[in-house]
Each structure stands twice: as C-alpha cells, then as structure tokens.
Amino acid sequence: MEPDYLSVLNDQQKEAVVHEGSSLLILAGAGSGKTRVITTKIAYLISQKNINPFSILAVTFTKKAAAEMKERAQLLEERSRYCQIRTFHSWGAYFLRKYPVFAGVSPDFTVYDDDDMVTLLMKAVPSLKKKDASHYVKKISLAKDYCLLPDSEDLFTVDSDSRFPEIYKAYEDRLKQTGNVDFGDLILLPYLVMKDNPKIRHEIHQRYKVIMVDEYQDSNVAQFNLLKMLSGAEEDNPAYVCVVGDDDQSIYKFRGAEVRNILNFQKDFKGTDLIRLETNYRSTQEILDCADSIVRNNHERIGKTLVSHRGKGVQPALVFLPGQDDETEFCSELISQSVEKGGSYSDWAILYRTNAQSLGFETEFLHRKIPYEVVGSLKFYEREEIKDALSWISFIANPRDEIAFRRIINKPVRGIGPGTQDKILAAAAGNNILLAMDQMSLTKKARAGADSFKSVFDELSALIPQPEESLESNASLAQSALSVFDDEKEALEEEKKESEVSAADDGTIEAARLSVFVEAVIKKTGLEDFHAAQDEIGGTQKVLNLHELVNSAVLYECNRKGLLDFLDHISLDRTLETQEELSGQKEDRVTLITIHNTKGLEFPKVIITGMENEIFPRMPDNTEELEEERRLFYVGITRAKNELYFTSCSVRRLYGRTNAMSPSVFLKELDGEKIRVLGTKPQAFISNDGAGDPVAKKYCVGAQVYHDDWGYGQIVRAAYSDTEGDEEDNREWVVSVSFDTGGIKKFIPKYQASSLIVCSDE
C-alpha cells in the first residue's frame, strides 16, 4: 500500500521520490516544493526500500536548511533521525575529528575565522601589514574553494601575484603547527585524506550508500570534488547520488559557487537521469512569465518552463520615474494605499541590488510612519562604516565631541591608546580637544598619531566655508565650537570662490554641495581604504554605503549651515527610528532587503527597485557575470506571490553627483505584452528607429557633453518645448545638463551646438 505522503505529490515530485538506480539530478524550479521532495525521498528510502538510515547522508549549505530538512524528514519517518543530515562544513568537521592524524590536525582542533586567519598570516609573514594580510587571506580561502594548494600549477588563476604561492605556503606551514583548521579546510582536507588513503576511502564507501545534496547550484569546486570522492563515482559500485538544485538560481559566485557543477552534473556522473520540477506553487502565471522572459536569455542553463498551480493574477507593472526621490514616494504611496484598503505592511517587500539603496526608503518610511524592517543587514545609520564617517563629520562640527573623538582617533590605528585618550580628554576639561592635544606632552608615537589626526582634521575643516554672520550670535554649541577656525577665514573665503559653480537655470551662482566635503572625509581620513579592505575579505558593501552617504549630502550646501542642517536631518531620522522601535509595532512591517538575501523567501507583493544600468545590472566585465546578474533578477522576480512591480529612474544621485540613468538592459527583455507600463518611457527605452529629428537623437538623455564654460556633464532631461501657442514644427529641443562641477543648466542645442559638444562625436 502506498504511504500517505506520496499521495500529496504531483507527478513530477512523485517520480523524483521513487526514482532509483542511476544518479539523479532534480532540476527544481522556484517554488516547486524541492524541500518536500528531498525529505519525502529520505522517508521513502527508509520505509519503502529498507535502506539503513545510518547509510544515508544528506547535506545542504546552512544550519537553518539542515535543521528544517531533519525536522521534516522525521515527521514523515521517525527513523530519519539516524541519518546524517548536515551542512557540508559540519560533515567535514565530523570527518576530521574521526581521522585527525591522517589530516595532520589535532583531535581537539578549532576552526579559525577570517580574523584568526589574518592574525596567523601576519605571524607567518611579519612583513605583511594587516590590509595586505586581509587581501591574501581572501585569496587563500578562494584557492581552497577551488581545491588549489600552494604548489598547484593553476594557483595563478586565483592571484597572479608572484609572491602568493610563497605567502600561501607560509600560512599553511604555520596553520599546521597550531593543529587547527580554517573554514576552507573543512572541505579540502577530507577530500585530500580520502584521495591519498584507499583504506579510509573504502570505509566511507562502505558507510554511505545514499548521498543527497540540496541547493547543489551553490556548491564550489572543492565540494564537487568531495562529493565525487564520497560517492565513489569512478568505482564499480558507487553510492546512489541525488542532487537537487536550480541552475537559474545560482547567484553566489562571489562566494566561490560554481554554476557549472550543476550544468555538467550529467556528464560528471555517468548515466544520470534528469527530472524537472516545473509546477510552481508560489506565484501567479503572469509573474512566472516575466521570470521566464528574462532567464531564457542566458545561454548557460539546462532549461525549464514553470507553470503556476495558482493560475493567472495581476499583470506586473514597469514604472518609469524621474528620480530616486520619486521612486521612494511612489513605493510609499503604493504601500499606504494598499494598507488603507485593508492590506498589511508585511505583505510588501522592497528589493534592491545593494544595501546602500535602503537609505532613501528608510528616510521616506520614517517620515511617513510606515513601519519597516531591514533584513540581512543593520539599518543604514547603524552600520559601522556610516557611524565612522558621521563621527568624523560630527567632530569637525564640534571638536568637543568626546564620543566621536574616541571612535575616530584610532581608525585607522594611530597609536593613541585609551590611557592617552583619557589624559587628552581630562586636559580638555570641556574645552577644545584639539587644543588639549597641542598642549599635552605625548609619547613620540602618540605625538606622531596626534599630528596626523590634526592634519587631516585641519584639511577637512578648510573645505567648509565660514558663515557670513558672527558665530557668537549663534546659540548652537556645535557651531560655536567651529569658531576655532576663524583665523583661517580669509583663506577659506578664497577656497569657497574656487569651489562654487554655476548651477541654476537663471544664471545665478550656487554654492558647491556638501557631498564634496563628505566625500573628502571618507577619502582623506582613510575610511574608504579601511572599509574597502573589509569589503574584499567579506564580500560586504561598506564602500557603497559610504558612497550613498555622500549622495545624501548632495541636497545641502557646502558651508557651516549646510553641515549642521545635514547632521540635524540625520539626528531627526535616528530619533524617529528610535520612536518606531519603542512603539511596539514589531509584527506588521514592510521588508527592505537585498535580492541576494531573498533566496528561499517569498512575499505577497514585491517591488524590485533601481532597475537601471550600473545599478542592476552592475557593470559586468564579461558575459558570465552578466548571466549571473540575470539569474539574480530571476530570483527577485520569483519571490513575488501576487503582485510585482519594477521601478526605474531617469536620474539618480551617484558618487555625490546627479547622473542620468539608462533603463536596465533586463527591462527590454521583459515580454511587453505581459506587463503594464506606468509613467513616461525614457528615450533610452524606446527604439531610435523612428526618431526623425537628428538633433533630438544626438542630444538625448544620457549623452556625455562638454561645454566651454561649464566643463564636462551629462544630459539628464531632454524634451521639446511646449510653450503655449507653439506650432509643432516650431518647437525647440531643450536639454538639461548636469555638470561634474555640481550644477544643472538648460540649453537649446539647435543654437548652442558649437559650445555644447557631444563627447562621442569629438
């Protein structure tokens, strides 16, 4: 008699569960019930095929996924608790504790994290600075992901630096002396032990008769090699291997994942059968049609077509908006109207390519009192790199700020320890901390650090012009503290003149933007380099977050008032944030999340934002990277259950400047008959074939231009004049140019072509 748990499966799922004999690749589309299939298969093998649960190994990539798999399998078949259901790395640790001598490790080894690895490498190669050691540690980890040793011929593919093999070897020698392992060793060492020891290999093959791998598209080369070794794929009586995954959802190449593992599985494991799970239980058919129209443009895929179990729904919408402020406003209005009609905030998820994009939505939601949660990262102003930059800015505004002083004085390290800091603060006794540093007798090392700190401070302070009014008349403590720079006023006024640019359409002079100052803070203090090194190690986006802070300062003038207004604005947002936290509204919240972090999640209503080239996709170096970006877009689309929106802006603030943006190349891949288009299609989205006006075609949005007086810029708006009474033939093509110097000015190219030159035509 067939067990009840088989009766709830569709035909494809059941076929995968009862399959036996040769190896099996289950190509599981998004929302197709793959976890149900793999856990049901474990129960089926034990209860119906009499497989000893002790001989079943099932591996996945996260503790959460492994725990869920174990729990669900045991609900179906109690004896599943005797299976080994683990993460790849957990199994590796189990193996090394079983065979420590053969792996050359201590039976009581500990696993070094990235920080431990950096410390160990600096001990092994004392000449390395921490930043360089961090760089090499990242490369060593990547080498282990690709099963490459210090003497491997292909090591240059990881890092062509001639010193790398020597540094890698020094690290490995030091690591062996400790008897410990790093994260990469948990996969690499078990593979090498089995490869070099036939007896151990035989023991493993006798133990495991069934090996199952979930999320196989996320595996790296070392994990592939380990799987082949574990299964005895090249031997006469290999284990039954079943892998479950989706080539269209391979989005972790930056972590070492190799999509070719799943693409080539049928070649690498001879005689493999392929079963596709194509019934989607999550999304409506319109959403799936969007996903298919995107991912079918990839060449590196096996291919499948998802069919919705739920039928048709609301057509997805593509929304074109003027700028990022309009984008956040549109999303807020859409969500608010939905809630007013009886919906929930938690129905909604805002998806974006990078963490830095959360700031605009956080600000808008706070002011509109829309509850939200940032998933997978801290809220913007809570992030380490943002706190560092704001501490520098706050200290420049108020050199009496003890908290800011303590945070920034040794980042990067300047040799001014806690004891010396206490003495400086005691000497200041409420006066200017910088003056106290001058008056104190410091150690030679601390004096060098203090001089370096003050030099940077003075250089940055000079970028903020003095206000015209007397500082003594201002009650603000922060602004009063800035009076210490009065002696430099004459020099600063001259610098102010040099930094001012023409920006207004009426020809008036507009001050340079505060973004210039914030960008200088990030660069001159060493914060950009400091956090860039962390980005390289951990794949974080700290530098992009710093750039977004620069963008947020574009709205303020580069003077004392602008500086204080900027800090006041941030202080208000943080106060609103605290009030929201104290309000007790924990459950019903909008989700703000990067697309990478949405893997495995689903939401009733999804808005994918920032659909512009250079944002999404980012600027890929090759077709392979573009295909991964396209898979990432596919993942984002398939998170939506009922409603789906894409937003694209004509203008966006990037790197402290207002830039014209072109719609994402992915948007043109959407089937136009399957989506609604809201807003005005930008010229870059419309084919130029019908453009009859050569001037309009040449001076289009996005074009780079040069002007004799204003310098280099980019066209951010372009349209025909619609002055009342104008005949169509008499209309003029008018463009607005955002110049690199910070201003925006209008031109009529027909009459000003000699001074406004399109760079591509030079």
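Between Glu612 and Arg353 no salt bridge is recorded (no basic side-chain N to carboxylate O distance below 4.0 Å). The pair Lys304-Asp248 counts as a salt bridge, with a side-chain nitrogen and a carboxylate oxygen less than 4.0 angstrom apart. Taking the charged nitrogens against the carboxylate oxygens, Lys144 and Asp182 do have a contact shorter than 4.0 Å, which makes a salt bridge. Salt bridge annotation for Glu624-Lys253: present, with a cationic side-chain nitrogen under 4.0 angstrom from a carboxylate oxygen. Arg631 has no carboxylate O lying under 4.0 Å from a charged side-chain N of Glu300, or vice versa, which leaves the two without a salt bridge. Checked for salt-bridge contact, Glu669 and Arg630 meet the test: a charged N lies under 4.0 Å from a carboxylate O. Salt bridge Glu234/Lys228: present, at least one basic N to carboxylate O contact under 4.0 Å. Residues Lys674 and Asp289 are paired through a salt bridge, judged by an N-O separation under 4.0 Å between the basic side chain and the carboxylate. A salt bridge is absent between Lys379 and Glu382; no separation between the charged side-chain nitrogens and carboxylate oxygens falls under 4.0 Å. We find that Lys542 and Glu384 are joined by a salt bridge, their nearest charged nitrogen and carboxylate oxygen being less than 4.0 Å apart. Using a cutoff of 4.0 Å between basic side-chain nitrogens and carboxylate oxygens, Arg589 and Glu373 are not scored as salt-bridged. Taking 4.0 Å as the cut-off between side-chain N and carboxylate O, Arg72 and Glu68 count as a salt-bridged pair.
Residues Ser7 and Asp4 have side chains that never bring a donor and an acceptor to within less than 3.5 angstrom of each other. One side chain, Arg310 or Asn642, offers a donor N or O that lies under 3.5 Å from an acceptor on the other. In summary, the side chains of Asn180 and Tyr112 do present a donor paired with an acceptor at a separation below 3.5 Å, with no hydrogens or angles considered. For the residue pair Ser338 / Trp348, a side-chain donor-acceptor distance below 3.5 Å is found, with atom types taken as modelled.
Remark: side-chain polar atoms of Glu286 are paired, donor with acceptor, to backbone N or O of Gly313 under 3.5 angstrom. Distance alone, capped at 3.5 Å, is enough to place a donor-acceptor pair between the Asn545 side chain and the Ala356 backbone. With Glu602 contributing its side chain and Arg639 its backbone, the two residues share no donor-acceptor pair below 3.5 Å. Judged by distance alone, with hydrogens and angles left aside, the side-chain atoms of Asn197 form no donor-acceptor pair with the main-chain N or O of Met194 at under 3.5 Å. His596 contributes a side-chain N or O that, together with a main-chain N or O of Ile251, makes up a donor-acceptor pair within less than 3.5 Å. The closest donor-acceptor contact from the side chain of Ser90 to the backbone of Arg86 lies at 3.5 Å or more, if one exists at all. Judged by distance alone, the side chain of Thr328 and the main-chain N or O of Gly360 form no donor-acceptor pair under 3.5 Å. Proximity of a side-chain donor or acceptor of Gln84 to a complementary backbone N or O of Ile56 within less than 3.5 Å is not detected.
Scanning both residues, Ile287 and Ser283, for their nearest heavy atoms gives CG2-CB, 3.9 Å. Contact record, Phe224 with Asn261: CB-ND2, 3.6 Å, taken as the closest heavy-atom pair. Residues Ile42 and Ala73 share a closest heavy-atom pair of CG2-CB, 4.4 Å. Taking both residues in full, the closest heavy atoms of Asp185 and Leu96 are given as O-CD1, 4.0 Å, listed atom of the first, atom of the second, then distance. The minimum heavy-atom distance between Tyr352 and Thr354, with the atom names listed, is CD1-O, 3.0 Å. Minimum heavy-atom separation, Ile593 to Val375: CD1-CG1, 3.7 Å.
The line from CG of Leu277 to OG of Ser32 is 4.5 Å long, rounded to the nearest 0.5 Å. Considering CZ of Phe603 and OG1 of Thr598, their distance stands at 6.5 Å, rounded to 0.5 Å. To the nearest 0.5 angstrom, Asp114 atom CG is 11.0 Å from Ile140 atom CD1. In this structure, the separation between OG1 on Thr40 and OH on Tyr5 is 7.5 Å, given to the nearest 0.5 Å. Taken to the nearest 0.5 Å, the CG atom of Asn280 stands 5.5 Å off from the CG atom of Leu306. Residue Glu258 holds its CD atom at 7.5 Å from OG of Ser250, rounded to the nearest 0.5 Å.
His309 NE2: 12 or fewer foreign heavy atoms inside a 6.0 Å radius. Taking a 6.0 Å sphere around CZ of Phe183, one finds it holds 12 or fewer heavy atoms contributed by other residues, nucleotides or ligands. Annotation for Asp11: atom CG does not count as buried by contact number, only 12 or fewer foreign heavy atoms lying within 6.0 Å. No more than 12 heavy-atom neighbours from other residues, nucleotides or ligands sit within 6.0 angstrom of CD on Glu673.
Under the rule for a side chain to side chain donor-acceptor pair (under 3.5 Å), Gln13 has no partner lying at least two apart in sequence or in another chain. Residues satisfying the side chain to side chain donor-acceptor pair (under 3.5 Å) test with Glu215, not counting sequence neighbours, are Lys34, Gln217. Under the rule for a side chain to side chain contact (heavy atoms under 4.5 Å, CB included), the partners of Glu77 that lie at least two apart in sequence or sit in another chain are Ala43, Ile46, Ser47, Arg79, Ser80.
Among pairs with a residue in residues 10-63, those fulfilling ring-ring contact (aromatic ring centres under 6.0 Å, His included) read His19-Tyr240, Phe61-Phe88, at least two apart in sequence or across chains. Under the side-chain hydrogen bond (donor to acceptor under 3.5 Å, both in side chains) criterion, no residue pair touches residues 55-64, with sequence neighbours excluded.
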Distance-only donor-acceptor pairs under 3.5 Å for side chains of residues 263-270, two or more places apart:
| from | atom 1 | to | atom 2 | distance (Å) |
| --- | --- | --- | --- | --- |
| Asn264 | ND2 | Arg260 | O | 3.4 |
| Lys270 | NZ | Lys267 | O | 3.1 |

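Relative ring orientation between Phe666 and Phe633 is described as parallel, the plane-to-plane angle staying below 30° on a 0-90° scale split at 30° and 60°. Using cut-offs of 30° and 60° on the angle between ring planes, the pair Tyr99 and Phe95 is tilted.
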